Amino acid sequence: MPGRKMQTLSDLKRSIRKASQILLITHLNPDGDAVGSMLALSVALQKMQKRTVCVCDGKIMEKYAFLKSAGEILKPDRIDAVFDLAIAIDCADQKRMGSAEKLFFAAKENANIDHHGTNESFGRINIVHSVSSSGELIYELIEELGTGLDAETAECLYTAISTDTGNFTYSNTTKKALLYTAELIGLFDYTRTADYLYRTRTYENTRLIAKAIDNLSLYEEGRAALMYLCRSDLAEADVKNPDYEMIVNYASEIDTVKVAVFLRELKDGGYKLSLRSSGDLDVAALCAEYGGGGHKNAAGCSMNAPFEEVKETILSAVKKLLNA
Ligand SMILES: [Mn+2]
């Protein structure tokens with residue numbers, strides 16, 4: 001489509017002012033940045049007397065249930081209204097909205113707020129910058145809207161920024177991300193939130209990690225690691241609220257490993273792949289070749305093939321990347 005370009009926060013503010021019913025959408029398998037950013041913006045818009053509805057195709061992990069408004073996030077199939085404005089948050093491409101995609105394009109106006117380098121600017125309004133997190137962009141939007149920060153928005157934004165920066169340890173931990181976070185501390189119960197996010201895990205999820213580590217092997221003289229969870233592993237572990245988010249780290253944290261892959265078999269067949277890399281090794285570009293995307297050092301994609309074929313495909317792509 002011709003004429004697509006970046007817009008500014010004040011362009012988005014103008015559209016928000018005109019709208020009264022606003023739909024907020026985040027991506028499938030939402031992470032802390034997705035949930036936190038969406039809820040923070042929802043609270044801010046409600047202060048402007050906007051009616052907001054938050055939707056997400058897929059389950060909100062138990063880990064984020066402590067966020068005050070997490071229970072208000074709806075499934076897209078429960079919505080049949082047409083909104084004045086739909087805002088996609090943290091969605092690297094429009095397919096990441098899952099079944100909420102049609103609601104996005106049915107709205108009278110739409111906006112795309114995201115920080116993934118692979119984002120295709122699929123919105124009419126695009127606020128896409130390669131910053132630490134979508135939470136950082138929402139922080140700036142809230143500043144632009146002038147609605148101020150309160151305990152709930154601060155807790156949501158902290159959740160967003162801290163989870164996407166690996167609790168302020170990844171290379172996307174910028175001065176700006178830390179300065180914004182500094183403004184949030186003191187507005188909410190920081191240690192309680194950090195406990196939920198970083199110091200609590202169910203026994204079941206602990207067993208799931210053990211299973212995945214059991215299924216870990218090294219390749220390419222230890223420079224690549226691959227671990228997996230098949231349906232049979234998942235059934236055996238019998239986990240009610242599985243948390244797959246951090247599992248790949250157990251592979252990437254091995255001292256010799258430069259590229260780590262975590263394969264997870266999906267209910268309806270096929271595999272979800274999560275990749276991590278160090279330094280200049282770009283796994284976002286690798287994943288883009290298979291219809292996925294993400295960030296240079298953290299990306300994902302899906303493959304619909306039998307296990308051995310998926311494993312061979314990804315290992316040869318990783319080998320190519322390591323030897324490029
Ligand atoms: Mn994000």
Side-chain angles (χ1 to χ4, degrees), residues 9 12 24-42 54-61 63-64 67 70 73 87-98 100 104 111-123 126-142 153 155-174 176-178 180-181 184 193 197-198 243-249 252 262 272-277 282-285 287-288 292-302:
L9 288 173
L12 178 55
L24 304 181
I25 302 169
T26 196
H27 58 78
L28 293 157
N29 309 313
D31 54 16
D33 189 28
V35 177
S37 295
M38 180 168 71
L39 294 177
L41 182 56
S42 178
C54 293
V55 295
C56 178
D57 182 2
K59 214 172 154 187
I60 308 298
M61 271 195 292
K63 188 160 106 185
Y64 302 119
L67 291 170
I73 300 171
I87 306 177
I89 302 160
D90 204 43
C91 297
D93 63 70
Q94 59 202 61
K95 292 275 166 263
R96 291 286 285 150
M97 290 186 272
F104 180 82
N112 160 31
I113 304 179
D114 186 39
H115 69 120
H116 295 90
T118 50
N119 192 294
E120 326 153 308
S121 297
F122 57 84
N126 298 288
I127 309 288
V128 179
H129 301 286
S130 290
V131 295
S132 69
S133 53
S134 293
E136 190 176 320
L137 297 172
I138 299 297
Y139 182 102
E140 290 173 353
L141 177 58
I142 289 175
T153 44
E155 183 175 54
C156 287
L157 290 174
Y158 166 78
T159 297
I161 299 171
S162 77
T163 55
D164 249 29
T165 55
N167 204 5
F168 309 105
T169 60
Y170 299 157
S171 60
N172 62 347
T173 308
T174 57
K176 217 184 203 184
L178 289 167
Y180 290 174
T181 304
L184 305 173
T193 308
L197 292 174
Y198 305 110
D243 180 357
Y244 305 111
E245 255 183 6
M246 293 301 166
I247 289 182
V248 68
N249 294 4
S252 67
F262 170 50
K272 165 126 182 53
L273 289 77
S274 302
L275 280 82
R276 297 291 181 274
S277 64
D282 188 350
V283 286
C287 288
H295 307 289
K296 190 175 82 181
N297 297 130
C301 61
S302 302

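For ligands, and for the atoms within them, numbers begin at 1 and follow the listed sequence. Small disclaimer: the values here were computed from a predicted structure and weren't measured. Position 1 is the first residue of the sequence; numbering continues from there.
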*Asks:* Quick one, D90 with H116, criterion side chain to side chain contact (heavy atoms under 4.5 Å, CB included). Give me CA distance, side-chain angles, the key distance, then yes/no.
*Replies:* CA-CA 8 Å; D90 204 43; H116 295 90; 3.3 Å; yes
*Asks:* Does H116 put an N, O or S atom under 2.8 Å from the Mn ion (ligand 1)?
*Replies:* no
*Asks:* Considering just N/O/S atoms, say which atom of D33 is closest to the Mn ion (ligand 1).
*Replies:*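 Atom name returned: OD2.
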*Asks:* Could you tell me whether any N, O or S atom belonging to D164 is less than 2.8 Å from the Mn ion (ligand 1)?
*Replies:*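 Yes, since at least one N, O or S atom of D164 sits under 2.8 Å from the Mn ion (ligand 1).
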*Asks:* Between H115 and H295, is any pair of side-chain heavy atoms under 4.5 Å apart?
*Replies:*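 Yes. Closest side-chain heavy atoms under 4.5 Å.
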*Asks:* Short question: side chain of Y64, backbone of D31 - any donor-acceptor pair under 3.5 Å?
*Replies:*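 Not confirmed, Y64 side chain does not pair with D31 backbone.
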*Asks:* Counting backbone and side-chain atoms alike, is an N, O or S atom of D31 positioned under 2.8 Å from the Mn ion (ligand 1)?
*Replies:*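 False for D31.
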*Asks:* Give the atom name of whichever N/O/S atom in D90 sits closest to the Mn ion (ligand 1).
*Replies:* OD1
*Asks:* Are side-chain heavy atoms of V248 and L275 found at a separation under 4.5 Å?
*Replies:*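 Contact flag for V248/L275 side chains = no.
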*Asks:* Is a donor on one side and an acceptor on the other found under 3.5 Å between the side chain of Y158 and the backbone of T163?
*Replies:* no
